[in-house]
2 protein chains.
Amino acid sequence: MADIGFVGLGIMGHAMAQNLIKEGFDTVVWNRTASKADDLVALGGRAVASPGDVAREADIVMLCVSDTADVEAVVFGPNGVSSGISPGSLIIDHSTISPGATKDLALRVNELDAFWLDAPISGGSEGAVNGTLSIMIGGDVSQIDRSTPYLEAVGSTITHVGPQGAGQLVKAVNQILVVVNQLAVSEALLLAQAGGLDLEATLSAVAGGAAGSWMLSNRGPQMIERDWSPGFTIDLQQKDLRLVLAAANDLGVPIPGTALVYQMYRALQNQGLGEEGNHALVKALEMMSGVEVGSHD
Amino acid sequence: MADIGFVGLGIMGHAMAQNLIKEGFDTVVWNRTASKADDLVALGGRAVASPGDVAREADIVMLCVSDTADVEAVVFGPNGVSSGISPGSLIIDHSTISPGATKDLALRVNELDAFWLDAPISGGSEGAVNGTLSIMIGGDVSQIDRSTPYLEAVGSTITHVGPQGAGQLVKAVNQILVVVNQLAVSEALLLAQAGGLDLEATLSAVAGGAAGSWMLSNRGPQMIERDWSPGFTIDLQQKDLRLVLAAANDLGVPIPGTALVYQMYRALQNQGLGEEGNHALVKALEMMSGVEVGSHD
C-alpha cells in the first residue's frame with residue numbers, strides 16, 4: 001500500500017502531487033494523459049493505470065480535476081476510484097465543482113462505507129507550487145485529522161467550514177468576492193484613467209482605507225502596467241462563476257454583480273482573451289469606452 | 001486675524017473644527033444653524049455672522065458642507081467667502097462634490113488671486129472625531145505646505161493626488177471601490193446564508209486571501225450581527241454615487257457595478273432606510289430573495 005493517491009495532474013494537481021512526493025510520502029498517481037506523470041515518477045512517485053488502481057493502492061485519494069462531470073467520471077466512471085475503494089477509505093476532492101452535486105457524490109461514496117471531504121483550494125498556481133494553498137473543507141473533522149499530514153504538504157491554511165458540500169459553497173462565496181472586487185478595481189481605474197489622474201498616486205491614496213482590498217493592492221498595479229499574465233485565467237474563472245450562479249439559482253438568491261461579471265467574462269472569451277488573467281476583466285469596460293487603463297505610459 | 005476659519009458644522013465639520021480648537025488654533029467658525037457653534041465657542045472658538053466674515057478673519061478657510069450647490073452658495077452666494085476674501089488667501093474644500101464643478105469653482109477663486117485645494121475626506125464620523133481622516137488633495141503643493149498644521153489637526157493621511165479637481169476625482173474612485181466591494185460582501189453573505197453555512201467560519205476561511213477587503217473584515221461581522229448603525233449613511237452614499245455617475249458620464253466611461261449599487265440604494269431609500277449605514281445594501285438583495293443574513297442567530 002502507498003501513503004497517498006492523487007488523481008488529476010493538471011497545473012494545480014501536478015504541483016500538489018510533487019509536494020507530496022518531496023515530503024517523502026509514497027504517492028501513487030494517475031492522469032488521463034499519462035505522460036504528465038513522467039517527471040513525478042522520476043522524483044519517486046508511482047504511476048498506475050486507472051483511478052481504480054489508485055484506490056486499490058491508497059486508502060486516501062486526492063482528486064484535482066476540472067469540473068463536476070470530471071469528478072463524477074474519475075470516481076464513478078469505468079475503472080473509477082469507486083471500483084477500487086475499500087471500506088474506511090477517504091476521497092478528498094480538491095476540484096472546484098457544484099456544491100449541490102458534491103453532496104450527492106459524497107452520499108454515494110458514503111454508501112460504499114467510504115468518506116468524502118470536499119476541499120477546494122485557492123492561491124493559484126504559485127500557491128500550489130509553494131505548498132501554500134488555502135483549503136476550505138466540508139466533511140467530518142475526524143477525516144481531516146487523519147489526512148492532516150498530506151493536507152499540510154500542499155496547503156498552509158486549512159479551514160473546516162462545515163459538513164459535506166460546505167467546502168464547495170465557501171469556495172463559491174470566495175469567488176463572488178474575488179470577481180466583484182475585481183469589478184470594483186476595474187471601474188475605479190477606468191474612471192481614474194479617463195479623468196487624467198496619476199494611477200499610482202490614486203492607488204496609494206485609497207488602498208489603505210475603506211476602499212482597500214487584496215485585489216486592489218495586488219492586481220491594481222499589474223493592471224496599470226497592462227500585465228495580463230494569469231494567476232487564474234478568465235476561462236477558469238468563467239467556469240467557476242457558472243457553478244456559483246447555478247448554486248445561487250438553486251438556493252433562490254439574486255447575485256446581480258456576479259452575474260454582470262460572468263457576462264463580461266463571456267464577452268472577453270468571445271474576443272479570444274480566455275487565457276488571460278481574470279484581472280483582464282477591465283478590458284470589457286475598455287471596449288465599451290475606448291479608454292485604456294495605463295495606456296498613457 | 002485668526003489662524004484658521006471653518007464653514008459648515010455638520011457631523012464631520014463640527015468634529016474637525018473641534019480638533020482645530022483643541023490643538024490651540026485661534027479658530028473662527030460659521031454655520032447656517034448658528035447654535036451648532038455654541039459648544040465650540042465654549043471650547044475657545046469664535047463664531048461670526050457669515051462665511052464672508054470668516055474670510056475677513058482668516059486667510060485659510062476650510063469648508064465642509066453637503067453638496068455642490070452648498071459649496072457654491074457659501075463661497076459665491078450673498079455674504080459668501082468670496083465677499084470677504086483677500087489676495088493670497090486659501091480655500092480648502094473638504095466637502096465631497098462634483099469634480100467638474102470643482103474645477104470651475106477653483107478657477108473663479110483663482111481669478112480673485114486666491115487659492116483652492118479640493119480636499120475631500122474619508123474615514124467617517126469616527127475618523128473626524130479622532131483626527132484620523134484620510135484627505136485626498138487636488139491643487140498646488142505649496143498650498144498644502146502652508147496649511148499642513150491645520151490638515152494634520154484633522155487628518156492622519158494627507159495625500160497630494162494632482163491639480164485642482166483631482167482630489168474630488170480620487171474621492172469618486174474611492175467611493176466606487178467602497179460600494180462595489182460592499183456589493184461583493186452582500187452577495188457573498190447572502191449565498192452563504194442561503195446555503196446554511198456558518199457565516200463566521202466562512203468569513204475566517206476567505207478573508208485572508210484574494211477575496212479579502214477592508215469592507216469584508218470590518219462590515220462583514222457587523223452585517224452578520226444585523227447592526228446597521230451608520231459609519232456613513234445610505235443617503236450620503238447615494239448622493240456621492242450620483243456625483244460619481246455624473247462624473248463617469250461626463251468622461252464617457254461605463255461603471256455598471258456602481259450604477260447597480262446606486263439603484264439598490266435608491267430602492268432602500270424608498271423603503272425608508274436612508275439613515276441606516278451604507279452596509280445595509282444587503283437588504284436590497286434580501287428583499288429580492290426572502291433570505292436574511294444572520295437571521296438564524
Side-chain angles (χ1 to χ4, degrees), chain A residues 99 122-124 134 136 157 159-162 166 169-170 172-181 183-185 187-192 194-198 201-202 204-206 208-216 218 244 247-248 251-258 260 285 288-291, chain B residues 99 122-124 134 136 157 159-162 166 169-170 172-181 183-185 187-192 194-198 201-202 204-206 208-216 218 244 247-248 251-258 260 285 288-291:
Chain A
S122 76
S134 288
M136 302 150 236
T157 307
T159 313
H160 179 240
V161 294
L169 203 58
V170 171
V173 167
N174 188 80
Q175 298 306 66
I176 289 174
L177 290 160
V178 161
V179 303
V180 182
N181 287 355
L183 178 64
V185 176
E187 296 190 5
L189 288 179
L190 196 75
L191 184 72
L197 291 175
D198 177 311
T202 301
S204 324
V206 304
S213 66
W214 184 96
M215 203 51 77
L216 184 65
N218 290 274
V244 171
L251 293 167
V253 291
I255 49 171
T258 308
L260 172 62
L285 299 178
M288 291 190 245
S289 63
V291 173
Chain B
S122 76
S134 289
M136 301 148 237
T157 307
T159 313
H160 180 240
V161 294
L169 203 58
V170 171
V173 167
N174 188 80
Q175 299 304 67
I176 289 173
L177 291 160
V178 162
V179 303
V180 181
N181 287 356
L183 179 64
V185 176
E187 296 189 4
L189 288 179
L190 196 75
L191 184 72
L197 291 176
D198 178 310
T202 301
S204 327
V206 304
S213 66
W214 184 97
M215 204 50 78
L216 183 66
N218 290 273
V244 171
L251 293 167
V253 291
I255 48 171
T258 308
L260 172 63
L285 299 177
M288 291 190 246
S289 62
V291 173

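These numbers come from a predicted model, not from an experiment.
- Remark: A:L169 CG to B:L191 CG distance equals 5.0 Å, nearest 0.5 Å.
- Ranked by heavy-atom pairs under 4.5 Å with chain B, the list A:G196, A:G290, A:A194 is led by A:A194.
- For chain A, the nearby parts of B:N181 are the backbone and the side chain; heavy atoms of each come within less than 4.5 Å.
- Under the 4.5 Å side-chain criterion, counting only non-hydrogen atoms from C-beta, B:S213 is not in contact with A:L216.
- The greatest number of non-hydrogen atom pairs below 4.5 Å with chain B, out of A:L183, A:N218, A:L251, is found for A:L251.
- Side-chain contact check for A:P256 versus B:L285: some heavy-atom pair is nearer than 4.5 Å.
- Residue with the most contacts toward chain A among B:T159, B:N174, B:T157: B:N174 (heavy-atom pairs, distance under 4.5 Å).
- Contacts between B:I255 and chain A at a heavy-atom distance below 4.5 Å involve backbone atoms as well as side-chain atoms.
- Listed by chain and residue number, B:V173, B:I176, B:L177 satisfy the side-chain contact (heavy atoms from CB on, under 4.5 Å) test with A:A188 (two or more places apart in sequence, or in another chain).
- For A:E187, the side-chain hydrogen bond (donor to acceptor under 3.5 Å, both in side chains) criterion is met by B:T258, not counting sequence neighbours.
- In terms of heavy-atom pairs under 4.5 angstrom with chain B, the leader among A:G195, A:A210, A:A201, A:G162 is A:A210.
- Counting heavy-atom pairs closer than 4.5 Å to chain B, the top-ranked of the candidates A:A248, A:G123, A:G209 is A:G209.
- The nearest pair of heavy atoms linking B:M288 to A:P254 is CB-CG, 3.6 Å.
- Both the backbone and the side chain of B:S289 come within contact range of chain A, each with at least one heavy atom under 4.5 Å from a heavy atom of that chain.
- B:V161 has its side chain out of reach of A:S204: every pair of non-hydrogen atoms, C-beta onward, lies at least 4.5 Å apart.
- Contact annotation for B:L189: neither backbone nor side-chain heavy atoms come within less than 4.5 Å of a heavy atom of chain A.
- No other option in A:G124, A:G257, A:S134 has as many heavy-atom pairs under 4.5 Å with chain B as A:G257.
- Ranked by heavy-atom pairs shorter than 4.5 Å toward chain A, the options B:G252, B:G208, B:A205 are led by B:A205.
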